[in-house]
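Read through the structure below, which is laid out as C-alpha cells, and then see the notes.
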Amino acid sequence: MDKKLERILPRVQKPARYVGGEYNAVMKDKTRVDTRVAFCFPDTYEIGMSNLGMRILYGVMNNMSGVWCERCFAPWGDMEEEMRRANIPLYALESFDPIREFDIIAFSVGYEMAFPAILNMLDLAGLPIRSADRPDLTPLVIAGGTAMYNSEPMADFIDLVSLGEGEEVTVEIIELYRKAKREGWDKQRFLCEASHLDGVYIPSLYDVDYREDGTVKSITPKGGAPAQVTKRIMRNMDEAYYPARTIVPSTEIVQDRTSLELFRGCIRGCRFCQAGYVYRPVRSRSKELLVRYAKEAIEDSGYQDMTLSSLSTSDYPQLVELCDELEPLCAQKHLNLSLPSLRADNFSMALMERLQKGRKTGLTFAPEAGTQRLRDAINKNVTEEDLLASCRRAFAGGYNAVKLYFMLGLPTETDEDVLGIADVAAHVMHAWRESAVNKSRGVRITVSTSWFVPKPHTAFQWEPQISIEEYERRVKLLREAMTTKTVTYNWHPSPTSFMEAVLAVGDRRLCRVMEAAFRRGAKLDAWEDYFSLERWMEAFDECGLDPHFYANRRRGRDEILPWSMISSGVSESYLWREHEKAFSGETTPDCRTRCSGCGANLLVGGKCDV
C-alpha cells in the first residue's frame, strides 16, 4: 500500500472500503498476465459488493488465463477529497495500481443516477472523460448493466457498451481486445470489429439527427455497425457461472449474505418494470444444482444468512422442495433463509412453514397500486384478497411485520387510486386483528411509495412522468389519509426521481448536460447527500435544453425513440399492444399460463407468436 494512502486512511469514514485484502480476493502475478481489467462500480463499496452480477463477472474474468480482473469503487466524498489533495489517482483494490494503467476499464451500471459517478471516477483516475479525447486503444472504457439499455446520455464517454447478460460476451470482448493488442490495431479498427459481436453497441458508430421539435429524426449506423443491437443472454442457466467461492468483505455491506440466484427473467409482465422485460425469457437453474451451490457457498464463506434471489422468487416452480432440501444445511449451519420478491398471490402455507424455521424478519409484498382498476392497468395480476389472504397466513403463523410497496404517478392514476393505498393498509391492519396469534407484540405495517419513472423497453416507455408539484400533492394526500399509528409511511424524494426520468429516456444531447453537471460538482448523485436539482437545472440552462421535454412529454407511436438501435429481444409492437391494453384496463396472463408473443423466446431458439 502506498505510504500516502496509509496516511490519509485514518482521516476518512469507513477506511475498510479502500484497503482490499478480503478473503477470496483474487491475486495474480501481473508479470504473468497480458490483460488487466479494472472492474468499476460507480457507487460505494457497500453497494457494489452487494451486487451479484459484479461477483459473477469478477469470477468469469479471473477464470480466464492471462487476465486479471480487479475491483474499483467510487470513493465517498471525504476519501475523494483526501485523494485529490494527496495526488492519489483512483486505484484498484487488489494491487493498488492506478486504474489508468489497466487495459480495460469496465463499469457495471444499474441505475441512471450513477452516470455522473462514472465521469468523476474517470477524472479521479486522471483520464479524459470523453471517448474522443482517449484516442488510444488502451485504456478501453466499456460499460454494461440495466441502465445501459439506453446508453445515449453516456454516448460521448463510453467506448463500448455490453448489452444483456455478460458471462459470454465479456469473454468475447476481452479476447478481441487481446487480439487487437497483439496485432497492433488502432482503437477505431477495434471498435468496428467489436460492433460485429452480438450484444455489443458502439455509440460512436451511430449518427443521430434531430427534428426542429427536438425529437429524433434518424439514427444511422456507420463503419459496418448493425442497424440494431440485440442483448445477449445465457440460454442455459445450469451452464452459467455461479460464484460459490466469492469475496467475503472485511466490512459490513448492504447485502451481507450469500445470494443464491434461482432464475433469470420474470413471467409476470408488469407494464412499468424494465427488469421484467429486459431479462426475458425466464430461465431457471435446476434444484439439484442450487442445493450444491448453496452448500459450497456457505461452507466457503461462513455466512449464516442466505437469500434466494430472483425478480419474483416465489415463482420458482420447485421453491418448497428446494427449501426442504436446504433444511439440513440450515439446521447444521444455523442458516437463515430469506425470500425477497414474494408474490401476494402465491405465498402458501407450505412456504410459510419453511420460512418459520428461521427467524421471522417480516414479509414484503408489492401490490404497486391501491385499487384493482389500476393494478389491472399495470398488469400486476394480484387482487387485494390475494394480499390479505397472504397477510392472514403470515399473522396466523406468528409474523407481526409487513412491508408494502406501491408506486405513485402510474399512468391513469387518480386520487381514488392514491387513497386506495391507505385503504389497503387499513385492511391489512384489520387482517392482523382477525388472525394474529400473539397480539401483545403489536404489528408493524410499513407503506413505502416510489415515484413512477418511465423506462426504455417497457410498455410505458411512451408515457410521461407527472410533474414534481403533482407528485408532492399526491404524497400529501396519501400521508393525510393514513392516520393509524401502527402504519409507517415512507416516500421517495421527488427531485432525484425527476432527474432519473430525464436520464432514463434521454438522448445523446444530454451528454453536454452530463458534463456540465459534473463540472459543477455532480458525482454521487444516487445519494441524497450529494444530489442537487439546482445544479442540474443550471446545467440544462447552460446547454439550452429543457429537462421537461424528456421527463414530462408523452411520446407518439411513430416517434423514433433515442434507444431504438437497441433491442431487449421484446418486440416494440408487443410493448405497444401492452401499452394500449393498459388504457383499456385489459390484463395479460403470465407467461406460464399463455405465451403472449413478446418475441423473447426467439433468443433461446423457441417459438413466439409475434
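If you read the sequence from its start, that first residue is 1, and numbering goes on from there.
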Minimum heavy-atom distance I253-M49, with the two atoms named: CD1-O, 3.5 Å
Are S338 and L308 close enough that some pair of their side-chain heavy atoms sits under 4.5 Å apart? no
Can you measure from OH (Y241) to CD1 (I56) and round to the nearest 0.5 angstrom? 8.5 Å
Please answer whether the main-chain N or O of A504 pairs with a side-chain N or O of N150 as donor and acceptor at a distance below 3.5 Å. yes
Does any non-hydrogen side-chain atom of M61 lie less than 4.5 Å from one of F39? yes
For T230, enumerate each residue passing the side chain to side chain contact (heavy atoms under 4.5 Å, CB included) test, keeping only those at least two apart in sequence or located in another chain. S567, L603
Taking atom types as modelled, is there a side-chain donor on S596 or T588 under 3.5 Å from an acceptor on the other? no
I'd like to know if K231 and E165 make a salt bridge, using a cut-off of under 4.0 Å between side-chain N and carboxylate O. no
Which pair of non-hydrogen atoms, one from A92 and one from I99, has the smallest distance, and what is that distance? N-CG2, 3.9 Å
Decide yes or no for W76 and T44: does some side-chain heavy atom of the first lie under 4.5 Å from some side-chain heavy atom of the second? yes
Test log, rule salt bridge (Lys or Arg N to Asp or Glu O under 4.0 Å), inputs E168 and R235: CA-CA 11 Å; E168 294 175 339; R235 289 186 169 206; over 6 Å; no
Are T496 and E528 close enough that a side-chain donor and a side-chain acceptor fall under 3.5 Å? yes
Check: K287 main-chain N/O paired with Y316 side-chain donor or acceptor under 3.5 Å: yes
Ignoring hydrogens and angles, tell me if any N or O in the side chain of D238 forms a donor-acceptor pair with the backbone of S286 under 3.5 Å. yes
Between K295 and K333, is any pair of side-chain heavy atoms under 4.5 Å apart? no
Main chain of L119, side chain of K523: is a donor-acceptor contact present, judged purely on distance under 3.5 Å? no
Strictly distance-based, threshold 3.5 Å: is any side-chain N or O of S50 a donor or acceptor partner for the main-chain N or O of V254? yes
Can you give the donor-acceptor pairs under 3.5 Å from side chains of residues 101-115 to other protein atoms, not counting sequence neighbours?
{"unit_1": "D103", "atom_1": "OD1", "unit_2": "Y177", "atom_2": "OH", "d": "3.1"}
{"unit_1": "D103", "atom_1": "OD1", "unit_2": "K181", "atom_2": "NZ", "d": "2.6"}
{"unit_1": "D103", "atom_1": "OD2", "unit_2": "R36", "atom_2": "N", "d": "2.7"}
{"unit_1": "E112", "atom_1": "OE1", "unit_2": "K455", "atom_2": "NZ", "d": "2.7"}
{"unit_1": "E112", "atom_1": "OE2", "unit_2": "K455", "atom_2": "NZ", "d": "3.0"}

ring-ring contact (aromatic ring centres under 6.0 Å, His included) partners for Y293, two or more places apart: Y242
Show the nearest heavy-atom pair for residues Y530 and D78, with the distance to one decimal. OH-N, 4.4 Å
What do the steps show when you test I378 against E368 for side-chain contact (heavy atoms from CB on, under 4.5 Å), and what is the final call? CA-CA 9 Å; I378 64 175; E368 305 294 0; 3.7 Å; yes
Do E167 and R232 sit within salt-bridge range, that is, some charged N less than 4.0 Å from a carboxylate O? no
Do C391 and V428 have side chains that get closer than 4.5 Å, going by heavy atoms? yes
First locate atom CD of E82, then atom CG of L9, and finally report the distance between them rounded to the nearest 0.5 Å. 9.5 Å
Measuring from atom CZ of R257 to atom CD of Q304, what distance do you get when rounded to the nearest 0.5 angstrom? 12.5 Å
Measure across I298 and M306 and return the closest heavy-atom pair with its distance rounded to 0.1 Å. CG1-CE, 3.5 Å
Given side chains that start at C-beta, do those of R17 and M79 come closer than 4.5 Å, heavy atoms only? no
Determine whether V200 and L163 satisfy the following criterion, side-chain contact (heavy atoms from CB on, under 4.5 Å), listing intermediate values before the conclusion. CA-CA 6 Å; V200 170; L163 294 169; over 6 Å; no
Would you say the side-chain atoms of Q255 and T307 include a donor-acceptor pair closer than 3.5 Å? no
Near-ring test W451/W491, centroid separation under 6.0 angstrom: no
Return the minimal non-hydrogen interatomic distance between S65 and R178, and the atom names on each side. O-NH2, 2.9 Å
Rounded to the nearest 0.5 Å, what separation is found between the CD1 atom of I173 and the OG atom of S162? 4.5 Å
Any side-chain donor paired with an acceptor under 3.5 Å for N381 and D590? no
Residue pair Y45, F73: steps toward the ring pair (Phe, Tyr, Trp, His ring centres under 6.0 Å) verdict: CA-CA 6 Å; Y45 177 93; F73 301 94; 5.2 Å; yes
Walk me through whether S310 and E261 qualify under side chain to side chain donor-acceptor pair (under 3.5 Å). CA-CA 6 Å; S310 69; E261 185 185 28; over 6 Å; no
Closer than 3.5 angstrom, by distance alone: can the side chain of R100 be matched with the main-chain N or O of L90 as a donor-acceptor pair? no
With K28 via side chain to side chain contact (heavy atoms under 4.5 Å, CB included) - residues at least two apart: V26, V33, N62, W68
Have W432 and N400 got a donor and an acceptor in their side chains that come within less than 3.5 Å? no
Just checking, any donor-acceptor pair under 3.5 angstrom between side chains of H492 and S497? yes
For Y23, the option from V248, T246, I247 that meets side-chain contact (heavy atoms from CB on, under 4.5 Å): V248
Quick one: pull up CD in E296 and OG in S301 and give me the separation to the nearest 0.5 Å. 11.5 Å
How long is the gap from OG on S284 to CE on M237, to the nearest 0.5 Å? 8.5 Å
Heavy-atom side-chain contact between L339 and S314 under 4.5 Å: no
Test: ring pair (Phe, Tyr, Trp, His ring centres under 6.0 Å). Region: residues 243-280. Which pairs qualify, not counting sequence neighbours? none
Would you check, one step at a time, whether the test side-chain contact (heavy atoms from CB on, under 4.5 Å) holds for E325 with L290? CA-CA 10 Å; E325 292 207 27; L290 288 169; over 6 Å; no
Identify, with sequence neighbours excluded, every residue that meets side chain to side chain contact (heavy atoms under 4.5 Å, CB included) alongside A74. M121, L524
Are P281 and I233 packed together at the side-chain level, in the sense that at least one heavy-atom pair is separated by less than 4.5 angstrom? yes
Under a 3.5 Å distance rule, please check whether D159 uses its side chain to pair with a backbone N or O of V141 as donor and acceptor. yes
Verdict with reasoning, R264 to V282, per side-chain contact (heavy atoms from CB on, under 4.5 Å): CA-CA 6 Å; R264 292 181 190 168; V282 171; over 6 Å; no
Testing the basics here: between V437 and A396, what is the closest heavy-atom pair and its distance to 0.1 Å? CG1-O, 3.1 Å
Check: G20 main-chain N/O paired with E94 side-chain donor or acceptor under 3.5 Å: no
